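Given the structure is predicted, the values throughout are model-derived calculations rather than measurements.
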Amino acid sequence: MSGKTIVMTSGKGGVGKTTATANVGAALALRSNRVAVVDTDIGLRNLDVVMGLENRIVYDLVDVVEGRCRIEQALIKDKHAGELYLIAAAQTRDKDCITGEQLTGVCRRLEDNFDYVIVDCPAGIEQGFKNAISAAQEALVVTTPEVSAIRDADRVIGLLHASNVRDAKLIINRIKPEMVRQGNMMDASDVLEMLAVDAIGLVPSDDRVITATNNGTPVVYDPTSPSGREFVRIAARIDGDYVPIIDPVEEQPTSIMDKVRNLMGINRRTSAHV
């Protein structure tokens with residue numbers, strides 16, 4: 001088996017990157033892929049909490065690179081998806097205790113046994129970011145439709161290109177259709193035009209994400225969740241399926257005429273994943 005390493009990154013914290021990592025990883029595993037998610041946010045680990053695995057950690061990523069355990073001993077099996085595993089970040093160390101070369105070595109070894117290795121990158125552009133992107137063949141950049149998040153995402157995309165991680169796709173998270181309609185939030189097409197990268201997912205704002213995160217259960221397991229359904233579609237796109245991307249603003253019509261137009265396929269904005 002020769003898997004693929006994808007880094008999940010963002011320009012700033014608070015945009016839902018770690019939640020996206022957990023949900024994309026879980027959704028890929030639900031498609032019968034073997035998936036390893038690796039938390040590289042050393043000192044501030046959260047991926048284990050989002051996945052509900054914080055009480056199962058014995059060894060972490062730093063233990064692996066410093067030789068205190070085998071990589072198999074650090075892999076924690078998910079409680080829900082059969083072929084989803086986590087390597088947690090160390091909580092009592094700092095980001096300088098691991099190098100990009102060491103992380104790349106771990107990811108290459110994981111690629112021998114997993115279809116996908118998803119690296120949860122620390123927010124920002126410091127050393128932790130540089131380490132995380134050094135191991136990746138592809139990148140998913142998570143942003144929200146806010147000016148500060150978009151500006152920082154643009155900076156990250158530039159750094160990814162400079163580091164030869166050129167296959168970057170965008171996840172626009174926490175889109176609020178009503179705010180977009182009122183002109184109080186940027187439209188997804190405006191964000192895509194500003195950042196000049198292809199989208200792989202437009203995720204609506206969804207209170208179920210908060211409940212799921214607090215319960216340590218990725219929201220993809222909730223069939224009633226709009227955001228969960230979009231993360232499932234993102235996984236399908238990563239897996240190579242053609243799944244058109246539908247703007248959540250157009251998915252939630254506000255009038256009878258809007259409903260008629262959508263049923264007829266009129267005036268619906270879609271963007272295809274390439």
Please determine whether residues [X] and [Y] belong to a single hydrophobic cluster, defined as Ile, Leu, Val, Met, Phe, Trp and Tyr linked transitively by side-chain heavy-atom distances below 4.5 Å.
X    : Y    : value
L30  : L84  : yes
L86  : V50  : no
I42  : L44  : no
Y221 : V219 : yes
M186 : L202 : yes

Please indicate whether [X] has more than 12 foreign heavy atoms, meaning atoms of other residues, nucleotides or ligands, lying under 6.0 Å from its [atom1].
X    : atom1 : value
M179 : CE    : yes
D207 : CG    : no
Q182 : CD    : yes
E126 : CD    : no

Using a 3.5 Å distance criterion without hydrogens, assess whether the side chain of [X] forms a donor-acceptor pair with backbone atoms of [Y].
X    : Y    : result
K77  : G82  : yes
K130 : G100 : no
R229 : P223 : yes
D247 : V249 : yes
S10  : K12  : yes
D115 : R34  : yes
N23  : V220 : yes
S225 : D222 : no
N215 : T217 : no
E230 : S227 : no

Does the side chain of [Y] come within less than 4.5 Å of [X]'s, by heavy atoms?
X    : Y    : value
T224 : R208 : yes
I87  : I71  : yes
N33  : F114 : no
V37  : M51  : yes
V141 : I171 : no
I76  : Y85  : no
D112 : S2   : no
V142 : M8   : yes

Separation between [atom1] of [X] and [atom2] of [Y], rounded to the nearest 0.5 Å:
X    : Y    : atom1 : atom2 : answer
L47  : L53  : CG    : CG    : 8.5 Å
S205 : R174 : OG    : CZ    : 7.5 Å
Q102 : C97  : CD    : SG    : 8.0 Å
R70  : R109 : CZ    : CZ    : 10.5 Å
S134 : F129 : OG    : CZ    : 10.5 Å
I118 : T5   : CD1   : OG1   : 8.0 Å

Give a yes-or-no answer on whether the side chains of [X] and [Y] include a donor-acceptor pair shorter than 3.5 Å.
X    : Y    : result
Q137 : E111 : yes
T18  : D120 : yes
E83  : S32  : no

Which atom of [X] lies closest to which atom of [Y], heavy atoms considered:
X    : Y    : result
G228 : D206 : N-OD2, 4.5 Å
A149 : T144 : CB-OG1, 3.4 Å
A132 : T40  : CB-OG1, 3.9 Å
C121 : T9   : SG-OG1, 3.8 Å
D63  : V58  : OD2-O, 4.3 Å
A29  : V35  : N-CG2, 3.7 Å

Identify every side-chain donor-acceptor pair in residues 152-161 under 3.5 Å, counting partners at least two apart or on other chains, and give the distances.
none

Working for side-chain contact (heavy atoms from CB on, under 4.5 Å), residues V64 and Y59: CA-CA 8 Å; V64 174; Y59 296 106; 5.8 Å; no
Between [Y] and [X], is there a salt bridge with N-O shorter than 4.0 Å?
X    : Y    : value
R68  : E66  : yes
D239 : R237 : no
D48  : R45  : yes
D241 : R31  : yes

Trace of the side-chain contact (heavy atoms from CB on, under 4.5 Å) decision for L170 with L192: CA-CA 8 Å; L170 192 68; L192 294 172; 3.8 Å; yes
Residue of the set L110, V7, T21 for which side-chain contact (heavy atoms from CB on, under 4.5 Å) holds with V38: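 Testing V38 for a side-chain contact (heavy atoms from CB on, under 4.5 Å) against L110, V7, T21 leaves exactly one candidate, L110.
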Pairwise salt bridge (Lys or Arg N to Asp or Glu O under 4.0 Å) hits with a residue in residues 136-151, at least two apart: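 As it turns out, the salt bridge (Lys or Arg N to Asp or Glu O under 4.0 Å) pairs with a partner in residues 136-151, which skip direct neighbours, are K4-E138.
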